[in-house]
Amino acid sequence: IEDEDKELSEIILGSLLLEANAIYSIIGWFKKEMFFDKKHQTIFDAIVKLYERKEAIDIITVPRYLRIINKGQYIGGSFCPLGIVFTLDA
């Protein structure tokens, strides 16, 4: 997903955070490298890791996981998928 498609990246990530079963539709198709933005790659990677661990994927668990693995500070600031803002400051 090219840089000019940042909005598309946010829609995809937002859908994964809002719809519990969305990951099943894309898990074999998408790779983190498909996201141009490194922050989006990190968020997608966290979503995949939670999926592999059979943990919930939502707007609470993903930021929490990023903080646990010390990536919250790397992401920093806010992320606004579909107009939903969550802060990833450590």
Side-chain angles (χ1 to χ4, degrees):
I1 303 171
E2 299 295 324
D3 186 38
E4 61 267 9
D5 291 328
K6 183 176 180 180
E7 185 176 305
L8 177 59
S9 294
E10 291 180 352
I11 290 169
I12 292 167
L13 294 171
S15 297
L16 292 170
L17 296 171
L18 294 174
E19 176 55 49
N21 295 319
I23 188 70
Y24 300 112
S25 299
I26 67 157
I27 193 65
W29 298 86
F30 278 75
K31 305 276 185 253
K32 73 176 181 180
E33 295 80 16
M34 295 174 80
F35 294 91
F36 179 82
D37 188 311
K38 296 291 185 191
K39 292 178 181 182
H40 290 175
Q41 288 181 6
T42 302
I43 293 167
F44 183 75
D45 192 48
I47 290 169
V48 171
K49 297 287 193 245
L50 289 170
Y51 165 79
E52 290 170 348
R53 294 167 54 166
K54 298 181 179 13
E55 294 186 29
I57 298 166
D58 57 42
I59 61 172
I60 294 175
T61 59
V62 173
R64 181 184 306 144
Y65 178 75
L66 289 167
R67 284 191 298 272
I68 289 169
I69 64 168
N70 294 316
K71 296 283 185 170
Q73 189 173 20
Y74 165 73
I75 298 295
S78 298
F79 172 65
C80 305
L82 300 174
I84 296 170
V85 176
F86 62 82
T87 301
L88 296 167
D89 294 327

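By the 30° and 60° cut-offs, the orientation of the rings of Phe35 relative to His40 is perpendicular. Classification of the Phe30-Phe44 ring pair by plane angle, with boundaries at 30° and 60°, yields tilted.
What you find for Ala22 and Ser15 is that their closest heavy atoms are CB-O, 3.8 Å. What you find for Met34 and Trp29 is that their closest heavy atoms are SD-O, 3.6 Å.
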| task | Step by step, work out the side chain to side chain contact (heavy atoms under 4.5 Å, CB included) result for Glu19 and Asn21. | result | CA-CA 6 Å; Glu19 176 55 49; Asn21 295 319; 4.0 Å; yes
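Qualifying side chain to side chain donor-acceptor pair (under 3.5 Å) partners for Thr61, counting only residues two or more places apart in sequence or in other chains: Asp58. In this structure Glu55 satisfies the side chain to side chain donor-acceptor pair (under 3.5 Å) test together with Arg53, sequence neighbours excluded. Taking Lys49 as the reference, Asp45 meet the salt bridge (charged side-chain N to carboxylate O under 4.0 Å, His left out) condition, with sequence neighbours excluded.
Atom CD of residue Glu10 and atom CD1 of residue Ile43 lie 8.5 Å apart, to the nearest 0.5 angstrom. For the atom pair CG of Leu18 and CD1 of Ile11, the computed distance is 11.5 Å after rounding to the nearest 0.5 Å. Rounded to the nearest 0.5 angstrom, Lys31 NZ and Gln41 CD are separated by 13.5 Å.
Between Leu50 and Ile23 there is no side-chain heavy-atom pair separated by less than 4.5 Å.
For the side-chain contact (heavy atoms from CB on, under 4.5 Å) criterion with Val62, the lone passing option out of Leu16, Leu13, Ile57 is Ile57.
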